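In what follows, chains carry the letters A, B, and so on, assigned in the order in which the sequence lines appear, proteins first and then strands, with residues in each chain numbered from 1. None of the values given here were measured: they were computed from a predicted structure.
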Amino acid sequence: MLEIHDLHVSVGGAEILKGLSLNVAAGEVHAVMGPNGSGKSTLSYVLAGRPGYDVTAGTVRYKGRDLLAMAPEERAAAGVFLAFQYPVELPGVSGATFLRTALNAVRKARGEKDLDAMQFLKAVRERLRSLSMTEETLKRALNVGFSGGEKKRNEMLQMALLEPDLAVLDETDSGLDIDALKLVADGVNALRAPGRAMLVITHYQRLLSHIVPDRVHVLARGRIQRSGGKELALELEARGYAEFGHAA
Amino acid sequence: MPSSAMRHERAMGLDLTPPGLSAERFLSEGEPLAGGPAWLAALRQQATLRLRVEGLPANDDEGWRQTPLAALKRFPLGGRAAAVATPASSLLRAEERAARLVFRNGALQPAAGDMAALPAGVTLASLAELWRAEPARLAGRLGRLSATEGLPFAQLNLSLAADGYALLIDDGVRLERPVEIVFAGDGEAAWHPRVLIALGRDSTAAVLECHVGRGAYLANGVSELLLAAGARLGYCRVQDEAPAALHLHAGMAELAGGARLDSVVLSLGGGLARNEWRVRLAGEGAEVRLDEVFALRGRQQGETISVIEHLAPHTGSAQVAKGVLDGHARKVFQGKIAVASGAAKAAGSQLNKTLLLSRTAEVASKPELEINCDDVQCSHGAAVGALDEDQLFYLRSRGVPLLQAQALLVDGFLDQVVETVALPTVAAALRARIAAWLAEREGNGT
Ligand SMILES: Nc1ncnc2c1ncn2[C@@H]1O[C@H](COP(=O)(O)OP(=O)(O)OP(=O)(O)O)[C@@H](O)[C@H]1O
Ligand SMILES: [Mg+2]
């Protein structure tokens, strides 16, 4: 599903990813852990196509396609979704407008018909309920003045609506209270399917006890330093990243 | 100042050619409506004379340095209203408005109007009709503000105006639904529509003017707004002229104590559009809001020039302009707030924010404060920038194509002004027109 090979990425002239390789097969959930500043968000942004991230070498294939050649909106239409570590505020754009525009844009790119207002409302209501969110939040400008946890829930709402094939969750658990963490994990687990894959970036084992990963990778100094099963997360929690040379 | 003294000198024998554009061409080709009361004829004669002496502005005149005046020379000036077949568009549904008047090429189209629902105490009529039938109702009002101001195109309007409308509201009368006025232009002509809105004490009214058209014409309008004590006027102008048209407008207002004017202009049209404001806050506690939303592209130029005079204590003025510029479009702001010595506790603010959608678009902003009183609060701010890259990426990462993402953000930005419009029907009309503008942009793929 996702094949990253020898990826080198520079940001603002500094090389952050230095030959990162990683494969995620369809139906799998992989966790990426690593010290602050090691390049986890950089990896997630490169997968989503954020401008300003210079891929100097390497390849990324998604469903066999050259992901790096696609515009961000094409990637989304093809099923890539990034839950941002720091979700962006959109003053003047209501949550409802945002969601409906996004959903219909993706549907259009996939050759599906637009949802009308009623169909849209129905689809959103279901997801809102499962995330314990109210319709009121949709009337407000997206993420503007939202608490950290509310923003993260918003990301999960978008993911639930867009039903991506490859979801990259960048520290979605940071800032969430215990109940919200459970809701988010439930949402992620509900999305698990043979045709889907997920890359879960986190600092905490706690999330991984809810979303049990198939593989755990340690990203440090711009590369995957070690990979293992779910028990690797427990080991990291106990021992930290000292053995990986810490600094990025 | 471009020294009118110097001009008088020329007129007195040194050089009879005005330095700017000759007004003669307009004056000789225009066809003002004959008749009307003697006082009006005298006012008009005065304006004509003044124009002959002073001419139209030149680029070295203060306030006109940024205006591509040469464009004016190319305009056809025949004043005759041609028969027009295009249907008048309407921004409000019939049940949303109190009445409607339609003008084509400056001439009233009685058949297209709708005056059925006007309550007692409200007069809405063709100005030309009123000055023939009931000139006394206009005396001391029509021309009162524009005659004294040295705005050359307002003089031209006074000299040549053939029609327009008057909205007169009696004391204490509240007109709940807005009056809609459509000015439709077509083809090669010039007209000088005149508007008089006079609100009695503690009365309320709302007006939505819509300026549309096609072809290359000159629409040179003047609106005089007279608000008696405690009166409230909502005045919305949708300036959606044809891309090749030249739109000039001078809005002149005088507010008595406790009166309030809320104006919002949606500026979309015209190759060149110039919007002048002269507002006199004459009575204690009078307040004005002059807002604008603009969206320009291609080689359009838009100009907003305002002079707000705080003449009494506790007067307030607030101006917010937000807009987008695409292509090679230009926007010029000149805003002056003048506070007289007796206007203690006056508060004035001016803010303009522009989003540039292209590297070739430009904005120029020149605020001016003239404060002759210690105890006042005045501020101005101007900001120019591009759309936020992070916001664009966020939208695109959710599958929204670039142009649509831009449209969504621009819409959100402009809506910060639209959402302050008091009447929901008018706000909805503005939103619809903005959405259409953005859709056109998306459709063009630019
Ligand atoms: N625009 C930029 N210019 C220069 N350096 C940058 C830029 N953006 C990010 N970096 C650097 O890239 C490195 C990797 O950042 P990244 O956000 O990917 O780390 P991370 O692993 O996600 O960290 P965290 O766990 O704190 O979220 C950091 O050292 C950061 O300072
Ligand atoms: Mg990060």
**OP:** Output, in order, the C-alpha distance, side-chain angles, deciding distance and verdict of side-chain contact (heavy atoms from CB on, under 4.5 Å) for A/Leu90 and B/Leu395.
**Re:** CA-CA 9 Å; A/Leu90 299 182; B/Leu395 281 160; 4.1 Å; yes
**OP:** Against chain A, label B/Gln404 side chain, backbone, both or neither, depending on which of its atoms sit under 4.5 Å from a heavy atom there.
**Re:** side chain
Original post:
Which of the residues B/Asp415, B/Leu408, B/Asp388 is involved in the greatest number of heavy-atom pairs with chain A at under 4.5 angstrom?
Top reply: B/Leu408
Original post:
How are the rings of B/Tyr394 and A/Phe84 set to each other: parallel, tilted or perpendicular (split at 30° and 60°)?
Top reply: perpendicular
Original post:
Roughly how far, to the nearest 0.5 Å, is the CZ atom of B/Arg398 from the CZ atom of A/Arg75?
Top reply: 14.0 Å
Original post:
Roughly how far, to the nearest 0.5 Å, is the CZ atom of B/Arg396 from the CD atom of A/Glu74?
Top reply: 9.0 Å
Original post:
Counting only heavy atoms not in A/Arg110, do more than 12 sit closer than 6.0 Å to its CZ atom?
Top reply: yes
Original post:
Is B/Arg232 atom CZ crowded by more than 12 heavy atoms from other residues, nucleotides or ligands, each under 6.0 Å away?
Top reply: no
Subject >> Side chain / backbone / both / neither for A/Arg50 at chain B, heavy atoms under 4.5 Å >> reply: both
Original post:
In terms of heavy-atom contacts, does NZ of B/Lys353 have more than 12 from other residues, nucleotides or ligands at under 6.0 Å?
Top reply: no
Original post:
Which pair of heavy atoms, one from A/Ala105 and one from B/Gly399, lies closest together, and at what distance?
Top reply: CB-O, 3.2 Å
**OP:** Counting only heavy atoms closer than 4.5 Å, note whether A/Ala109 contacts chain B via side chain, backbone, both or neither.
**Re:** neither
Subject >> B/Gln377, CD atom: more than 12 neighbouring heavy atoms under 6.0 Å >> reply: no
**OP:** Against chain A, label B/Gln416 side chain, backbone, both or neither, depending on which of its atoms sit under 4.5 Å from a heavy atom there.
**Re:** side chain
Subject >> Shortest non-hydrogen contact from B/Val400 toward A/Ala102 >> reply: CG2-CA, 3.8 Å
Original post:
Heavy-atom distance under 4.5 Å to chain B: side chain of A/Glu89, backbone, both or neither?
Top reply: backbone
**OP:** Could you look at A/Leu142 and say if it's the side chain, the backbone, both or neither that has a heavy atom under 4.5 Å from chain B?
**Re:** side chain
Subject >> Side-chain (A/Glu73) to main-chain (B/Leu402) donor-acceptor, under 3.5 angstrom >> reply: yes
